[in-house]
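What follows is a set of notes on a single structure, which appears directly below.
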Amino acid sequence: ASDTNERQVYIVYMGDLPKGDVSVSNIHIGMLEEIVSGVASDVLLYSYRRSFNGFAAKLTEDEANKLKGKEGVVSVFPSQKKQLH
Amino acid sequence: TSRTWEFMGFNKKMKTSIIESDIIIGMLDTGVWPESESFNDTGFGPIPKKWKGTCQKSANFTCNNKIIGARYYLTDGDNGPEDFISPRDAEGHGTHTTSTAAGGLVSQASLFGIAKGTVRGGVPSSRIAVYKICWSYGCSDEGILAAFDDAIADGVDIISLSVGSFIPFDYFEDSIAIGAFHAMKKGILTSNSAGNSGPTPGSVVNVSPWSLTVAASTIDRKFVTKVKLGNGQIYEGATINTFDLKGKMYPFIYGGDAPNLTLGVASEFSRYCFPGALNATLVKGKIVFCEYFTDYEGVLEAGALGAVFQDTGNKDFQFSYPLPFSTLNVNDGRMIINYLNTTENPTATIFKTSQDNNQFAPFVVSFSSRGPNPITTDILKPDLTAPGVDILAAWSEASTVTEDDTRRTRYNIISGTSMSCPHATGAAAYVKSFHPTWSPAAIRSALMTTAIPMTSNNNIEGEHAYGAGHINPLQATDPGLVYDAGEIDYVKFLCGQGYTIANIQLISGNSSSCSEETDGTVWDLNYPSFALSSTPGKSITRVFHRTVTNVGSAVSNYRAVVNAPPGLIIQVQPSVLSFEYVGQQQSFVVTVGAELGNSMISGSLIWDDGVHQVKSPIVAYAS
């Protein structure tokens, strides 16, 4: 059983890029600041902002669950390792 | 690829597009070995103006006019000590897939003389953009998404991705499906491997309806490794043996006669040649016969010169080994045991692998993942099949031929849906080079409707193994009609699949709405195949609405030709489609009724104008 306080990588998928002159990275950092105790940029691994909207961050299970209910979030799921075929 | 593209009709006289060198293939894989001759940029002009990517700076990697872009995505815990922290390929897989899709022509390529010939990609004049997402410990979702994010924005034309999970995930909890969706929105087709978990039913992965899912099949070449006994008998085995014993006969010993007594191993176990089971003193310098396929570690560590294994498994693909090695079927294994038991000083030799004709090709290889589609049961997946068995292609010189091997090579022979996927990628790029404005769905349709039909004679899973059939890239440039689809069609599909309006609006980035009028049923997604499932023993009827776009002759009449075996009723309305100009669309309705027992029934619909045969499989099955 995993420790719910243990951080693991989650993908937070937010769909298409927002319209207009918006800093997507700032949105991602802002969302993390609301739920992470500590420095948000320390847990952010990737900010997807060129072709679609989302980010990858090291989160606890509780933090991931909080993000699931946020407006603008399509899905939050733990990162998996895929295999070569 | 020293045979695969020729097997599909590619030759020196084939037509090529003058814009092939503007096509950019995005390879999401383990990176590439840039010094490979397959990526030589001699004769290439400047980088296409549409390219917006970069060559990520690193000490041991530079791009050229063939490899025009390269990036890598590394997070903690992904890499091992052997990995290069750069787009350079330490593993071999990415070099192999990239050269298969887009490598240049290299003559006299082989694996130590085996499969010698000219290797090539489907679009040898195309450009390559490398996105290294896979490392020693796998390919993380966050890296895959980062690569998609970049590749789409960089301006690639096709994305090739030969990785996946062991189990399928919901479309928007799957990094590959998410990336492929946004690629589709920008007009980029994603070509995916179907997985190597076959022949288990429902094992296919990467099944999003906006991507191309590729199974793996054989070509008309097979490799044979002969074993000769001291009595002159010769048996045909199934491995890739790169070692040449030059016909010299060596002492031959039964594993059961060489138990490692110091470890307390009995003859009943040493006959299987498990690691630690063999007496090194007795087997050193000899060829060992083992009664069960347990891989090579046991004989290698005991110092055997070579090994012959009896194998009950599938023989439709081959592995290489770090010592002379062949596997024989059970009947031949019995003959060997009889020889060993009745001969005072038994001897044998293992010949270097030779090639033979595979008269049953193409058929889908046993390991290729099978449908039914586990996420959307009424969309047929895999979409089609392509060569993926015993493929010779470029290799990383940082990697050995096999594990436990010290030999490095510039070309290697491996199998997988990883190998079939880049063949389909190359074929898709080839089509795109003639039709640069075609959508991802149109390119997929062209590949599917022109596929060479296959039969269930060699694959009992039928369309669940091979989809529409075997790719036929030359014909795919002239499909006659295409089943096109764009973002709005997939949005309707997602509505029909029960995704919330809020999520669909986020995904699409617009104010799309779901309603009874706009919700698309699965059966109405404008897909070039037809699938319907029900519970065993039930009869079902489904109505499919489709629209085709004329991309053939301006004035043409297509007649519906239906193939419906007993138990399947297929009606098409109207049964004739008339076109007056290129780009004209015509709609029709297919009603399929099926009396299902416990398995599947399949037929087909062909739109035929006398020149083009636009083929679609129709599959009804008990789910």
Side-chain angles (χ1 to χ4, degrees), chain A residues 2 6-25 27-29 31-32 40-61 63-65 67-85, chain B residues 29-30 73 75-76 78 91 93-94 133-134 137-146 148-154 162-166 169-170 172-176 178-179 181-183 185-186 192-196 205-206 216 369 416-419 421 502-510:
Chain A
S2 65
E6 193 180 312
R7 290 191 183 279
Q8 64 166 317
V9 181
Y10 282 85
I11 306 295
V12 181
Y13 172 56
M14 300 171 66
D16 204 26
L17 289 171
K19 303 279 188 294
D21 191 14
V22 183
S23 169
V24 177
S25 298
I27 294 173
H28 299 160
I29 289 286
M31 290 171 70
L32 286 170
S41 58
D42 286 352
V43 299
L44 182 66
L45 296 173
Y46 286 105
S47 200
Y48 308 120
R49 57 179 186 273
R50 296 184 73 197
S51 305
F52 51 86
N53 189 3
F55 59 91
K58 285 188 171 177
L59 304 171
T60 65
E61 195 177 329
E63 290 164 351
N65 285 333
L67 280 170
K68 277 181 186 168
K70 286 253 180 209
E71 190 181 334
V73 173
V74 176
S75 59
V76 180
F77 56 96
S79 170
Q80 309 261 345
K81 285 267 196 293
K82 290 181 165 53
Q83 304 302 319
L84 297 168
H85 278 158
Chain B
D29 211 300
T30 62
Y73 306 89
T75 25
D76 290 348
D78 276 353
E91 202 272 346
H93 187 277
I133 54 163
C134 295
Y137 303 131
C139 324
S140 69
D141 279 329
E142 63 268 26
I144 291 170
L145 279 170
F148 268 110
D149 193 35
D150 282 334
I152 296 165
D154 286 349
S162 290
V163 306
S165 313
F166 288 109
F169 293 93
D170 181 81
F172 295 107
E173 294 190 356
D174 178 345
S175 58
I176 296 175
I178 291 170
F181 185 86
H182 290 279
K185 285 181 66 166
K186 296 289 185 187
N192 282 136
S193 49
N196 296 343
V205 294
N206 296 330
S369 289
T417 51
S418 274
M419 283 64 250
C421 169
N503 275 352
I504 286 172
Q505 288 180 345
L506 286 170
I507 294 162
S508 64
N510 58 40

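Heavy atoms only: backbone and side chains are in, while hydrogens, waters and symmetry mates are out. All figures in this text were calculated on a predicted structure; none of them were measured in a lab. Every chain is numbered from 1, with letters handed out A, B, ... down the list of sequences.
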Euclidean distance, [Y] [atom2] relative to [X] [atom1], rounded to 0.5 Å:
X: B/Ser165; Y: A/Lys81; atom1: OG; atom2: NZ; result: 12.5 Å
X: A/Phe77; Y: B/Asp141; atom1: CZ; atom2: CG; result: 5.5 Å
X: A/Phe52; Y: B/Phe148; atom1: CZ; atom2: CZ; result: 8.0 Å
X: B/Phe169; Y: A/Lys82; atom1: CZ; atom2: NZ; result: 6.0 Å
X: A/Gln83; Y: B/Ser418; atom1: CD; atom2: OG; result: 10.5 Å

[X], part contacting chain B, at a heavy-atom distance under 4.5 Å:
X: A/Leu84; value: both
X: A/Tyr46; value: side chain
X: A/Tyr13; value: side chain
X: A/Val9; value: side chain

Quick check on B/Asp29 against chain A: is it the side chain, the backbone, both or neither that has a heavy atom closer than 4.5 Å?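 The side chain, not the backbone.
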Counting only pairs under 3.5 Å, give me each side-chain donor-acceptor contact of residues 14-21 of chain A, with atom names and distances, residues two or more places apart or in other chains.
{"from": "A/Asp16", "atom 1": "OD1", "to": "B/Lys185", "atom 2": "NZ", "distance (Å)": "3.3"}
{"from": "A/Asp16", "atom 1": "OD2", "to": "B/Lys185", "atom 2": "NZ", "distance (Å)": "3.2"}
{"from": "A/Lys19", "atom 1": "NZ", "to": "B/Gly509", "atom 2": "O", "distance (Å)": "2.6"}

For B/Ala153, check side-chain contact (heavy atoms from CB on, under 4.5 Å) against everything at least two apart and list the hits.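 B/Ala153: side-chain contact (heavy atoms from CB on, under 4.5 Å) contacts with A/Arg50, A/Ser51.
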Give a yes-or-no answer on whether the side chains of A/Ser75 and B/Glu173 include a donor-acceptor pair shorter than 3.5 Å.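 On atom types as modelled, these side chains do not qualify, holding no pair under 3.5 Å.
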As an exercise: rank [options] by heavy-atom pairs under 4.5 Å with chain A and give me the winner.
options: B/Cys421, B/Ser175, B/Ala194; value: B/Ser175
options: B/Ala502, B/Gly179, B/Gly94, B/Ala146; value: B/Ala146
options: B/Leu145, B/Asn196, B/Ile178, B/Ile152; value: B/Leu145
options: B/Ser140, B/Gly416, B/Ser162, B/Gly164; value: B/Gly164

